[in-house]
Amino acid sequence: MAAGTDTGTETSAEEAALGYEQARDELIEVVRRLEAGGTSLEESLALWERGEELAKVCRRRLEGARARLDASLAAERAAEAEDGDDE
């Protein structure tokens, strides 16, 4: 599929398959290649776009982890409040 013709379903499937560590490691490699230079403008743009996609995956994974942590902490506080009411 050519760049810019993605309908979103392929990206969503790939995003679901990529774990945080995989996306982070690939993003590090993309940044390394961009910083090293020596790539054509077209390749640099493709790398940049890939880096943006990977950064979004990482951000969404971290936001999901934060939401789960917040929910867990809220449930723990609620349970502690109930235990305090029972005494």
**OP:** Carefully, step by step, assess Glu52 and Glu49 under the rule side chain to side chain contact (heavy atoms under 4.5 Å, CB included).
**Re:** CA-CA 5 Å; Glu52 289 289 328; Glu49 290 171 352; 5.6 Å; no
Subject >> Backbone N/O of Gly19 and side chain of Gln22: donor-acceptor pair under 3.5 Å >> reply: yes
Subject >> Minimum heavy-atom distance between Thr39 and Ser44, given as atom pair plus value >> reply: OG1-OG, 2.6 Å
Original post:
Is there a side-chain contact between Arg50 and Leu54, using heavy atoms and a 4.5 Å cut-off?
Top reply: yes
Subject >> Leu62 side, atom CG; Arg24 side, atom CZ - distance, nearest 0.5 Å >> reply: 10.0 Å
Original post:
Judged by atom type as modelled, is there a donor-acceptor pair below 3.5 Å linking the side chain of Arg61 to the main-chain atoms of Leu18?
Top reply: yes
Subject >> Glu53/Lys56 ion pair, N-O < 4.0 Å >> reply: no
Original post:
If every non-hydrogen atom of Ala23 is compared with every non-hydrogen atom of Val57, which pair is closest and at what distance?
Top reply: CB-CG1, 3.7 Å
**OP:** Could you walk me through whether Arg77 and Glu80 pass salt bridge (charged side-chain N to carboxylate O under 4.0 Å, His left out), step by step?
**Re:** CA-CA 5 Å; Arg77 284 191 296 270; Glu80 288 174 357; over 6 Å; no
Subject >> hydrophobic_cluster_shared for Ile28 and Leu34, side chain cutoff 4.5 Å >> reply: no
**OP:** Flag yes if Leu47 and Leu27 sit in one hydrophobic cluster, no otherwise; membership is Ile, Leu, Val, Met, Phe, Trp, Tyr, and two members link when side-chain heavy atoms are under 4.5 Å apart.
**Re:** yes
